[in-house]
Engineer: 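Structure below; questions to follow.
In the text below, chain A, chain B and the rest are named by the order of the sequence lines, each starting its count at 1. Source: prediction; values computed, not measured.
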Protein chains: 2
Amino acid sequence: MTRQRAAVLEVIRSAKCHYTAEEIFERAKEILPNISRATVYNNLHALERERLIRRITGEEASDRYDSSFIPHGHLFCTECHGISDFEVPDFREALSRAAGGEIDSYELKVRYVCPGCRMARQSNP
Amino acid sequence: MTRQRAAVLEVIRSAKCHYTAEEIFERAKEILPNISRATVYNNLHALERERLIRRITGEEASDRYDSSFIPHGHLFCTECHGISDFEVPDFREALSRAAGGEIDSYELKVRYVCPGCRMARQSNP
DNA sequence: GAATAAATTTAGAATGATTCTAAAAAATTT
DNA sequence: AAATTTTTTAGAATCATTCTAAATTTATTC
(Lines give C-alpha, C1' and ligand atoms only; values in the text may rest on other atoms or scores of the structure.)
Protein backbone atom coordinates (compact mmCIF):
# COMPACT_ATOMS: atom_id res chain seq x y z
CA MET A 1 0.00 0.00 0.00
CA THR A 2 1.94 2.99 -1.31
CA ARG A 3 1.05 6.60 -0.52
CA GLN A 4 -0.41 6.89 -4.02
CA ARG A 5 -2.63 3.86 -3.61
CA ALA A 6 -3.82 5.12 -0.22
CA ALA A 7 -4.68 8.51 -1.74
CA VAL A 8 -6.73 6.93 -4.53
CA LEU A 9 -8.59 4.76 -2.04
CA GLU A 10 -9.19 7.72 0.27
CA VAL A 11 -10.70 9.78 -2.56
CA ILE A 12 -13.13 6.99 -3.44
CA ARG A 13 -14.03 6.24 0.18
CA SER A 14 -14.80 9.84 1.03
CA ALA A 15 -16.79 10.48 -2.18
CA LYS A 16 -20.52 11.07 -1.88
CA CYS A 17 -21.00 10.03 -5.51
CA HIS A 18 -19.32 7.79 -8.08
CA TYR A 19 -16.25 9.41 -9.60
CA THR A 20 -14.57 8.71 -12.93
CA ALA A 21 -10.81 8.00 -13.11
CA GLU A 22 -10.26 11.59 -14.23
CA GLU A 23 -12.21 12.99 -11.26
CA ILE A 24 -10.27 10.71 -8.92
CA PHE A 25 -7.03 11.96 -10.50
CA GLU A 26 -8.04 15.60 -9.90
CA ARG A 27 -8.84 14.94 -6.25
CA ALA A 28 -5.81 12.72 -5.63
CA LYS A 29 -3.64 15.62 -6.81
CA GLU A 30 -4.94 17.65 -3.86
CA ILE A 31 -3.35 15.03 -1.59
CA LEU A 32 -0.25 14.25 -3.68
CA PRO A 33 0.30 17.03 -6.20
CA ASN A 34 2.82 15.01 -8.26
CA ILE A 35 0.70 11.90 -8.71
CA SER A 36 0.40 10.84 -12.32
CA ARG A 37 -2.67 9.75 -14.24
CA ALA A 38 -1.09 6.38 -15.04
CA THR A 39 -0.61 5.73 -11.33
CA VAL A 40 -4.27 6.43 -10.69
CA TYR A 41 -5.21 3.88 -13.37
CA ASN A 42 -2.67 1.34 -12.04
CA ASN A 43 -4.07 1.65 -8.56
CA LEU A 44 -7.71 1.57 -9.62
CA HIS A 45 -6.98 -1.80 -11.24
CA ALA A 46 -5.00 -3.03 -8.24
CA LEU A 47 -7.68 -1.94 -5.76
CA GLU A 48 -10.34 -3.62 -7.86
CA ARG A 49 -8.32 -6.86 -7.88
CA GLU A 50 -7.91 -6.61 -4.10
CA ARG A 51 -11.67 -6.05 -3.85
CA LEU A 52 -11.38 -2.76 -2.02
CA ILE A 53 -13.33 -0.93 -4.72
CA ARG A 54 -15.84 -1.85 -7.43
CA ARG A 55 -15.97 -0.63 -10.99
CA ILE A 56 -19.28 0.57 -12.41
CA THR A 57 -19.48 0.32 -16.18
CA GLY A 58 -22.20 2.70 -17.17
CA GLU A 59 -23.64 4.46 -20.18
CA GLU A 60 -20.77 6.87 -20.48
CA ALA A 61 -17.39 6.27 -22.06
CA SER A 62 -15.61 6.36 -18.70
CA ASP A 63 -16.05 3.91 -15.88
CA ARG A 64 -16.87 5.03 -12.33
CA TYR A 65 -15.81 3.66 -8.98
CA ASP A 66 -17.55 2.73 -5.76
CA SER A 67 -16.20 1.60 -2.40
CA SER A 68 -19.46 0.20 -1.05
CA PHE A 69 -19.89 -3.55 -0.92
CA ILE A 70 -23.43 -3.49 0.39
CA PRO A 71 -25.40 -5.14 -2.45
CA HIS A 72 -27.05 -2.40 -4.49
CA GLY A 73 -28.02 -1.57 -8.04
CA HIS A 74 -27.38 1.52 -10.13
CA LEU A 75 -30.04 3.68 -11.73
CA PHE A 76 -28.87 5.47 -14.89
CA CYS A 77 -31.01 8.41 -15.97
CA THR A 78 -31.25 8.42 -19.75
CA GLU A 79 -31.85 12.20 -19.81
CA CYS A 80 -29.44 13.88 -17.37
CA HIS A 81 -27.05 10.87 -17.23
CA GLY A 82 -27.07 11.00 -13.43
CA ILE A 83 -26.37 7.82 -11.47
CA SER A 84 -27.98 6.90 -8.21
CA ASP A 85 -27.86 3.83 -6.02
CA PHE A 86 -30.81 1.75 -5.05
CA GLU A 87 -31.30 -1.11 -2.68
CA VAL A 88 -31.61 -4.62 -4.03
CA PRO A 89 -31.85 -7.93 -2.21
CA ASP A 90 -28.63 -9.97 -2.07
CA PHE A 91 -28.82 -12.20 -5.16
CA ARG A 92 -25.40 -13.79 -4.72
CA GLU A 93 -26.68 -17.22 -3.74
CA ALA A 94 -29.29 -17.45 -6.44
CA LEU A 95 -26.85 -16.20 -9.08
CA SER A 96 -24.19 -18.74 -8.09
CA ARG A 97 -26.74 -21.50 -8.56
CA ALA A 98 -27.82 -20.09 -11.96
CA ALA A 99 -24.22 -19.65 -13.14
CA GLY A 100 -23.27 -23.16 -12.06
CA GLY A 101 -20.34 -22.14 -9.85
CA GLU A 102 -19.21 -19.40 -7.56
CA ILE A 103 -19.59 -15.88 -8.90
CA ASP A 104 -17.18 -13.01 -8.46
CA SER A 105 -19.48 -10.01 -8.28
CA TYR A 106 -22.60 -8.75 -9.94
CA GLU A 107 -24.11 -5.47 -11.00
CA LEU A 108 -27.71 -4.60 -11.67
CA LYS A 109 -28.02 -1.66 -14.05
CA VAL A 110 -31.33 0.05 -14.67
CA ARG A 111 -31.92 2.71 -17.32
CA TYR A 112 -34.79 5.06 -16.52
CA VAL A 113 -35.81 8.72 -16.32
CA CYS A 114 -35.03 10.08 -12.88
CA PRO A 115 -37.73 11.90 -10.83
CA GLY A 116 -36.16 15.32 -11.55
CA CYS A 117 -36.15 14.82 -15.32
CA ARG A 118 -39.61 13.29 -15.27
CA MET A 119 -41.00 16.40 -13.58
CA ALA A 120 -39.14 18.74 -15.95
CA ARG A 121 -40.69 16.77 -18.81
CA GLN A 122 -44.25 17.34 -17.51
CA SER A 123 -43.67 21.11 -17.32
CA ASN A 124 -42.48 21.38 -20.96
CA PRO A 125 -43.33 18.16 -22.83
CA MET B 1 -35.46 1.88 -42.63
CA THR B 2 -32.63 2.30 -45.15
CA ARG B 3 -30.75 -0.61 -46.74
CA GLN B 4 -27.85 0.14 -44.38
CA ARG B 5 -30.02 0.00 -41.28
CA ALA B 6 -31.59 -3.25 -42.47
CA ALA B 7 -28.14 -4.76 -43.01
CA VAL B 8 -26.98 -3.83 -39.50
CA LEU B 9 -30.15 -5.26 -37.98
CA GLU B 10 -29.83 -8.44 -40.05
CA VAL B 11 -26.23 -8.99 -38.87
CA ILE B 12 -27.28 -8.69 -35.21
CA ARG B 13 -30.40 -10.83 -35.63
CA SER B 14 -28.54 -13.67 -37.32
CA ALA B 15 -25.62 -13.61 -34.87
CA LYS B 16 -25.15 -16.54 -32.52
CA CYS B 17 -23.14 -14.39 -30.14
CA HIS B 18 -22.88 -10.73 -29.15
CA TYR B 19 -20.88 -8.72 -31.67
CA THR B 20 -19.02 -5.45 -31.19
CA ALA B 21 -19.63 -2.47 -33.52
CA GLU B 22 -16.43 -3.38 -35.38
CA GLU B 23 -17.55 -6.99 -35.88
CA ILE B 24 -20.94 -5.78 -37.08
CA PHE B 25 -19.20 -3.40 -39.49
CA GLU B 26 -17.12 -6.29 -40.92
CA ARG B 27 -20.19 -8.45 -41.47
CA ALA B 28 -22.36 -5.60 -42.79
CA LYS B 29 -19.71 -5.03 -45.48
CA GLU B 30 -20.42 -8.53 -46.78
CA ILE B 31 -23.98 -7.34 -47.50
CA LEU B 32 -23.18 -3.73 -48.54
CA PRO B 33 -19.49 -3.46 -49.40
CA ASN B 34 -19.51 0.36 -49.34
CA ILE B 35 -21.10 0.80 -45.93
CA SER B 36 -19.12 3.09 -43.66
CA ARG B 37 -18.21 2.63 -40.04
CA ALA B 38 -19.99 5.87 -39.08
CA THR B 39 -23.21 4.52 -40.62
CA VAL B 40 -22.94 1.38 -38.53
CA TYR B 41 -22.60 3.52 -35.39
CA ASN B 42 -25.47 5.81 -36.45
CA ASN B 43 -27.73 2.85 -37.02
CA LEU B 44 -26.74 1.05 -33.83
CA HIS B 45 -27.86 4.14 -31.92
CA ALA B 46 -31.04 4.49 -33.96
CA LEU B 47 -31.95 0.82 -33.57
CA GLU B 48 -31.32 1.02 -29.85
CA ARG B 49 -33.62 4.08 -29.60
CA GLU B 50 -36.27 2.20 -31.59
CA ARG B 51 -35.83 -0.73 -29.19
CA LEU B 52 -34.99 -3.23 -31.92
CA ILE B 53 -31.63 -4.04 -30.33
CA ARG B 54 -30.06 -3.78 -26.89
CA ARG B 55 -26.60 -2.59 -25.99
CA ILE B 56 -24.50 -4.65 -23.58
CA THR B 57 -21.86 -2.62 -21.76
CA GLY B 58 -19.35 -5.14 -20.59
CA GLU B 59 -15.86 -5.39 -19.22
CA GLU B 60 -14.23 -4.55 -22.52
CA ALA B 61 -13.74 -1.12 -24.02
CA SER B 62 -16.24 -1.80 -26.79
CA ASP B 63 -19.96 -2.35 -26.33
CA ARG B 64 -21.75 -5.38 -27.76
CA TYR B 65 -25.23 -5.77 -29.19
CA ASP B 66 -28.09 -8.19 -28.72
CA SER B 67 -31.43 -8.51 -30.51
CA SER B 68 -33.13 -10.69 -27.89
CA PHE B 69 -35.71 -9.12 -25.62
CA ILE B 70 -36.35 -12.22 -23.55
CA PRO B 71 -35.23 -11.14 -20.06
CA HIS B 72 -31.76 -12.53 -19.46
CA GLY B 73 -28.51 -11.68 -17.74
CA HIS B 74 -24.95 -11.75 -19.00
CA LEU B 75 -22.11 -13.76 -17.52
CA PHE B 76 -18.66 -12.23 -18.03
CA CYS B 77 -15.73 -14.60 -17.58
CA THR B 78 -12.90 -12.72 -15.86
CA GLU B 79 -10.28 -15.05 -17.40
CA CYS B 80 -11.17 -15.64 -21.07
CA HIS B 81 -13.44 -12.58 -21.31
CA GLY B 82 -16.18 -14.68 -22.90
CA ILE B 83 -19.80 -13.61 -22.55
CA SER B 84 -22.73 -15.95 -22.17
CA ASP B 85 -26.40 -15.47 -21.55
CA PHE B 86 -28.29 -16.88 -18.64
CA GLU B 87 -31.93 -16.99 -17.69
CA VAL B 88 -33.25 -14.64 -15.06
CA PRO B 89 -36.78 -14.03 -13.87
CA ASP B 90 -38.47 -10.88 -15.22
CA PHE B 91 -37.64 -8.19 -12.65
CA ARG B 92 -39.27 -5.32 -14.51
CA GLU B 93 -42.24 -4.93 -12.15
CA ALA B 94 -40.17 -5.11 -8.97
CA LEU B 95 -37.58 -2.72 -10.39
CA SER B 96 -40.20 -0.16 -11.39
CA ARG B 97 -41.51 -0.19 -7.85
CA ALA B 98 -37.99 0.17 -6.39
CA ALA B 99 -37.06 2.98 -8.82
CA GLY B 100 -40.28 4.86 -8.09
CA GLY B 101 -41.46 5.11 -11.70
CA GLU B 102 -41.39 3.23 -14.94
CA ILE B 103 -38.02 1.87 -15.99
CA ASP B 104 -36.60 1.77 -19.49
CA SER B 105 -34.57 -1.42 -19.48
CA TYR B 106 -32.28 -3.28 -17.15
CA GLU B 107 -29.21 -5.42 -17.35
CA LEU B 108 -27.87 -7.95 -14.88
CA LYS B 109 -24.12 -8.40 -15.24
CA VAL B 110 -22.27 -11.16 -13.43
CA ARG B 111 -18.48 -11.52 -13.32
CA TYR B 112 -17.30 -15.08 -12.76
CA VAL B 113 -14.92 -17.75 -14.02
CA CYS B 114 -16.59 -19.80 -16.73
CA PRO B 115 -16.68 -23.62 -16.53
CA GLY B 116 -13.97 -23.98 -19.21
CA CYS B 117 -11.52 -21.69 -17.42
CA ARG B 118 -12.35 -23.22 -14.05
CA MET B 119 -11.40 -26.66 -15.37
CA ALA B 120 -8.22 -25.37 -17.02
CA ARG B 121 -7.32 -23.84 -13.66
CA GLN B 122 -7.65 -27.20 -11.84
CA SER B 123 -5.31 -28.90 -14.35
CA ASN B 124 -2.52 -26.29 -13.91
CA PRO B 125 -3.24 -24.20 -10.82
C1' DG C 1 -42.45 14.39 -62.59
C1' DA C 2 -39.18 18.19 -61.74
C1' DA C 3 -37.75 21.21 -57.87
C1' DT C 4 -36.94 21.67 -53.11
C1' DA C 5 -36.20 20.29 -48.59
C1' DA C 6 -34.89 16.94 -45.15
C1' DA C 7 -32.50 12.97 -43.70
C1' DT C 8 -28.85 9.67 -44.33
C1' DT C 9 -24.46 8.11 -45.81
C1' DT C 10 -19.63 8.51 -46.53
C1' DA C 11 -14.49 9.03 -45.55
C1' DG C 12 -11.59 10.72 -42.79
C1' DA C 13 -10.26 13.85 -39.07
C1' DA C 14 -10.87 14.72 -34.14
C1' DT C 15 -11.70 13.38 -29.48
C1' DG C 16 -11.11 11.23 -25.27
C1' DA C 17 -10.53 7.27 -22.12
C1' DT C 18 -7.26 4.07 -21.29
C1' DT C 19 -2.93 1.51 -21.96
C1' DC C 20 1.83 1.26 -22.99
C1' DT C 21 6.77 2.48 -22.57
C1' DA C 22 11.11 3.41 -20.81
C1' DA C 23 13.51 5.86 -17.42
C1' DA C 24 13.61 7.41 -12.56
C1' DA C 25 12.36 6.70 -7.82
C1' DA C 26 11.04 4.00 -3.99
C1' DA C 27 10.69 -0.12 -1.43
C1' DT C 28 12.40 -4.70 -0.33
C1' DT C 29 15.70 -8.36 0.06
C1' DT C 30 20.28 -10.15 0.51
C1' DA D 1 24.74 -0.70 1.80
C1' DA D 2 24.46 -3.29 -2.79
C1' DA D 3 21.30 -5.67 -5.57
C1' DT D 4 16.68 -6.77 -6.93
C1' DT D 5 11.93 -5.94 -7.41
C1' DT D 6 8.07 -2.99 -7.52
C1' DT D 7 6.00 1.35 -8.27
C1' DT D 8 5.75 5.82 -10.18
C1' DT D 9 6.17 9.24 -13.69
C1' DA D 10 5.45 11.84 -18.18
C1' DG D 11 4.31 11.47 -22.35
C1' DA D 12 3.47 8.78 -26.52
C1' DA D 13 0.45 5.32 -28.52
C1' DT D 14 -3.83 2.94 -29.11
C1' DC D 15 -8.44 2.21 -30.02
C1' DA D 16 -13.51 2.87 -29.68
C1' DT D 17 -16.43 6.31 -30.71
C1' DT D 18 -18.00 10.87 -32.27
C1' DC D 19 -17.78 14.73 -35.27
C1' DT D 20 -17.60 17.17 -39.75
C1' DA D 21 -18.59 18.60 -44.19
C1' DA D 22 -19.62 17.10 -48.67
C1' DA D 23 -22.22 13.86 -51.44
C1' DT D 24 -26.12 10.98 -51.93
C1' DT D 25 -30.59 9.32 -51.11
C1' DT D 26 -35.29 9.81 -49.70
C1' DA D 27 -39.45 12.48 -48.93
C1' DT D 28 -42.29 16.52 -49.92
C1' DT D 29 -44.24 20.20 -52.53
C1' DC D 30 -45.55 22.48 -56.57
Side-chain angles (χ1 to χ4, degrees), chain A residues 1-12 15 17-50 52-66 74 76 78-79 81 83 109 111, chain B residues 1-12 15 17-50 52-66 74 76 78-79 81 83 109 111:
Chain A
M1 177 69 62
T2 61
R3 289 171 306 132
Q4 287 84 348
R5 183 167 308 179
V8 168
L9 184 55
E10 176 53 24
V11 168
I12 299 169
C17 66
H18 305 304
Y19 289 147
T20 61
E22 188 64 27
E23 289 165 342
I24 293 164
F25 173 53
E26 289 307 327
R27 283 159 184 82
K29 274 200 290 200
E30 292 167 12
I31 305 172
L32 297 172
N34 294 321
I35 196 170
S36 122
R37 208 185 306 269
T39 300
V40 170
Y41 278 101
N42 282 347
N43 283 311
L44 287 172
H45 296 158
L47 290 166
E48 193 188 2
R49 247 180 285 118
E50 293 164 10
L52 292 171
I53 62 172
R54 285 200 311 171
R55 188 158 45 99
I56 306 169
T57 55
E59 299 303 282
E60 306 157 297
S62 39
D63 291 340
R64 290 179 177 272
Y65 294 87
D66 187 351
H74 292 112
F76 295 87
T78 54
E79 305 222 330
H81 301 107
I83 301 175
K109 294 176 43 174
R111 302 177 217 215
Chain B
M1 176 68 64
T2 60
R3 289 172 305 134
Q4 288 85 347
R5 182 167 309 178
V8 168
L9 184 55
E10 175 53 24
V11 167
I12 299 169
C17 65
H18 306 303
Y19 290 146
T20 62
E22 189 64 26
E23 290 166 342
I24 293 165
F25 173 52
E26 289 307 328
R27 282 159 185 83
K29 274 200 289 200
E30 291 168 13
I31 304 172
L32 297 172
N34 293 322
I35 196 170
S36 122
R37 208 186 307 269
T39 301
V40 170
Y41 278 100
N42 282 347
N43 282 311
L44 287 172
H45 296 157
L47 290 166
E48 192 189 2
R49 246 180 284 119
E50 293 164 11
L52 292 171
I53 62 172
R54 285 200 310 172
R55 187 157 45 100
I56 306 168
T57 55
E59 299 304 282
E60 306 158 296
S62 39
D63 292 340
R64 291 179 176 272
Y65 293 87
D66 186 351
H74 292 111
F76 295 85
T78 53
E79 305 222 330
H81 302 107
I83 302 174
K109 294 175 43 174
R111 303 178 217 214

Engineer: Provide, to the nearest angstrom, the distance between the CD1 atom belonging to A/Ile31 and the C1' atom belonging to D/dT8.
Structural biologist: 17 Å
Engineer: Whole-Å distance between D/dA16 P and B/Tyr65 OH?
Structural biologist: 13 Å
Engineer: Which one of A/Arg27, A/Arg64, A/Glu26 satisfies the side chain to side chain donor-acceptor pair (under 3.5 Å) criterion with A/Tyr19?
Structural biologist: A/Arg27
Engineer: What's the CD-P distance between B/Glu59 and C/dA17, to the nearest Å?
Structural biologist: 19 Å
Engineer: Does C/dT9 have OP1 or OP2 under 4.0 Å away from a side-chain N or O of B/Ser36?
Structural biologist: no
Engineer: Which part of the nucleic acid does B/Asp63 contact within heavy-atom distance under 4.0 Å: base, sugar-phosphate only, or nothing?
Structural biologist: sugar-phosphate
Engineer: Counting distance only, does the side-chain N/O of A/Lys109 pair as donor-acceptor with the main-chain N or O of A/Glu59 below 3.5 Å?
Structural biologist: no
Engineer: Side-chain contact, heavy-atom cut-off 4.5 Å: A/Ile56 with A/Phe76?
Structural biologist: yes
Engineer: For B/His45 and C/dT8, what is the distance between atoms NE2 and P respectively, to the nearest whole Å?
Structural biologist: 14 Å
Engineer: Report the distance from atom CG of A/Asn42 to atom C1' of D/dT6, rounded to the nearest whole Å.
Structural biologist: 11 Å
Engineer: Look at the side chain of A/Gln4 and decide which nucleotide, out of C/dT18, D/dT9, C/dT10, has an atom nearest to it.
Structural biologist: D/dT9
Engineer: Which nucleotide in the list D/dT9, C/dA17, C/dT18 gets nearest to the side chain of A/Ala21?
Structural biologist: C/dT18
Engineer: Look at all strands and tell whether B/Asn43 reaches a base, only sugar-phosphate, or nothing, counting heavy atoms closer than 4.0 Å.
Structural biologist: sugar-phosphate
Engineer: Counting side-chain heavy atoms from C-beta on, which of C/dT10, D/dT18, C/dC20 comes nearest to B/Tyr41?
Structural biologist: D/dT18
Engineer: Heavy atoms from C-beta onward define the side chain here; which of C/dT18, D/dT8, D/dA16 lies closest to that of A/Thr39?
Structural biologist: D/dT8
Engineer: NA contact type, A/Thr2, heavy-atom cut-off 4.0 Å: base, sugar-phosphate, or nothing?
Structural biologist: sugar-phosphate
Engineer: Let me know the distance between CZ of A/Arg37 and C1' of D/dT7, rounded to the nearest Å.
Structural biologist: 18 Å
Engineer: Specify the closest pair of heavy atoms between B/Ser62 and B/Thr20, including all atoms of both residues, with the distance to one decimal.
Structural biologist: OG-CG2, 3.7 Å
